[in-house]
Every structure is written in C-alpha cells, then in structure tokens.
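Here is the structure we will look at.
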Amino acid sequence: DSGVTQTPKHLITATGQRVTLRCSPRSGDLSVYWYQQSLDQGLQFLIQYYNGEERAKGNILERFSAQQFPDLHSELNLSSLELGDSALYFCASSASRGNYNEQFFGPGTRLTVL
Amino acid sequence: GQQVMQIPQYQHVQEGEDFTTYCNSSTTLSNIQWYKQRPGGHPVFLIQLVKSGEVKKQKRLTFQFGEAKKNSSLHITATQTTDVGTYFCAGGGDSNYQLIWGAGTKLIIKP
C-alpha cells in the first residue's frame, strides 16, 4: 500500500459525459501528479500540482482539467468524453516538487467510455 | 521536447535467463529513476541514480547511469517469475519539476 488513495476504482460512462476522478496523496506529500495509461501502453504525464499550484503540464487535453485543494487532495475532471479516453488514470504523490523525489502511485481509476 | 527512448518494448526470456532494458536521452539528464509495474498493478519506485557513471545493485538487479548522464540500463540476472512486469525509466530533464518517462519494457517469462 503506497498510501495514495484514488476513487472511484472503476468508472463506466458514455461518450459526451463528464467525470471527476479523486486522489488523496500520502500524508505530508505536497506534490500530486496525474498520469494516463491506455491499454498496454506507457505512462502519459498529464499534470503536476504542488501545494495547490500547477507546476508542470504534459500532454493534457483541453477537455481535461485538474486542481489541488487546500487539504492537498486533487481532482481530475474529464469532459466531453470520447471512446479514446478509456484508460487507467493514475495519481502519484511526492514529498516535494522537484524531479529528484520518488513518486508514490495510487491504485488507479479505470475509466471505460462506451 | 525532451524524450527518453526505452528499448526493447518487449522481451521474452526463459526463467533463469538474463534481462536488460535500456534508456537513452538526447540531452543530459539530472537524474534517472526506475519503476516496476506488475501486471494489473501500479508503478512502484525501484531506485534513483544521480551521479555520472553510477552503478547500484539490488540483489539480482543492477542499475547503471552513463558517464554522460544520457543513458541508463537495468539488468536482471537469472530472471524469476516474480520479475514479470513492465519496467519504466524516468529521467529528470530541463525542468526541475518534471520527469520524462520512457515507454517501458515488458518482461515476459516464457512458459
């Protein structure tokens, strides 16, 4: 158990819909990262937050947005969903904002868009 | 933008054979991290290398960081079924905040 929690574990929805994925980082970690992993593919970095502020942006679509709240939990919002958005979405956390910090991954949310 | 190329994409080995995955960057990396993702699981941190030419060992796993800090490798000696999974490298790039992830190498043990 990494200490990072993600809800829900599974999500099934239809094209055009909007969903919210939630992540609670390890106690004390200030950075949260979101990743997308399509079937048998690598990890696509989406976005990083540090202590409530956006720190780095990867290949995140305009239909996707995220935020980190004062209690440090984070949400990833996916809107106007398409079939190709079906994937495993991981949240990770680390103690600080730099790239020397080990990242702890949550169990992921599996999103299926029908 | 910066990229880290990881090869091979897949490697099939007999149990007991060795396994190696390689990561290459066109630019100097500040550090490199290695993660393992078991089938159906999430990535788990294995190790970080920071110094030029650094070599670290964890039991049957040997990690190397190149002298120019542009490449790295993970070598597993005498693979076991517990080694099955996908191994990812992730390098620190120009930005202090972001890791650049390799595409991963999937280790498959032949029955």
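Given the structure is predicted, the values throughout are model-derived calculations rather than measurements. Numbers restart at 1 for each chain; the letters A, B, ... are given by sequence-line order, proteins then strands.
By the side-chain hydrogen bond (donor to acceptor under 3.5 Å, both in side chains) test, A:Y49 pairs with no residue at all, sequence neighbours left out.
Judged purely by distance below 3.5 Å, without hydrogens or angles, the side chains of B:Q37 and A:Q37 pair a donor atom with an acceptor atom.
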Can you check side chain to side chain contact (heavy atoms under 4.5 Å, CB included) on A:Y35 and B:W101, steps first, answer last? CA-CA 11 Å; A:Y35 294 89; B:W101 289 78; 3.1 Å; yes
How far apart are the C-alpha atoms of A:Q103 and B:F45, what are their side-chain angles, what is the distance that settles it, and do they pass the side chain to side chain contact (heavy atoms under 4.5 Å, CB included) test? CA-CA 7 Å; A:Q103 293 186 20; B:F45 175 83; over 6 Å; no
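Neither A:L30 nor A:I47 shares a network with the other; the hydrophobic side chains, linked directly or stepwise wherever heavy atoms of I, L, V, M, F, W or Y lie under 4.5 Å apart, form separate groups for each. Placement of A:L78 and A:V113 within a single hydrophobic cluster is found when ILVMFWY residues are connected by side-chain heavy-atom separations under 4.5 Å, directly or transitively. Grouping the Ile, Leu, Val, Met, Phe, Trp and Tyr side chains by contacts below 4.5 angstrom, directly or via other members, places A:V4 apart from A:W34. If you chain together hydrophobic residues whose side chains sit under 4.5 Å apart, B:I32 and B:Y22 never meet in one group. Residues B:V44 and A:Y89 do not share a hydrophobic cluster, clusters being chains of Ile/Leu/Val/Met/Phe/Trp/Tyr side chains in contact below 4.5 Å.
Looking at B:V50, only its side chain comes within 4.5 Å of chain A, counting heavy atoms on both sides. If you measure heavy-atom distances from A:Y33 to chain B, the contacts under 4.5 Å come from the side chain alone.
For B:Q14, the CD atom counts as densely surrounded, since its 6.0 Å shell holds more than 12 non-hydrogen atoms of other residues, nucleotides or ligands.
Heavy-atom pairs under 4.5 Å with chain B were tallied for A:R110, A:E102, A:Q48; the largest tally goes to A:E102. Contact tally against chain B (heavy-atom pairs below 4.5 Å) for A:S2, A:G106, A:A92, A:S94: the top residue is A:G106. Note on B:P43, B:G104, B:A103, B:G40: by heavy-atom pairs under 4.5 Å with chain A, the leading option is B:P43.
Judged by distance alone, the side chain of B:Q48 and the main-chain N or O of A:Y100 form a donor-acceptor pair under 3.5 Å.
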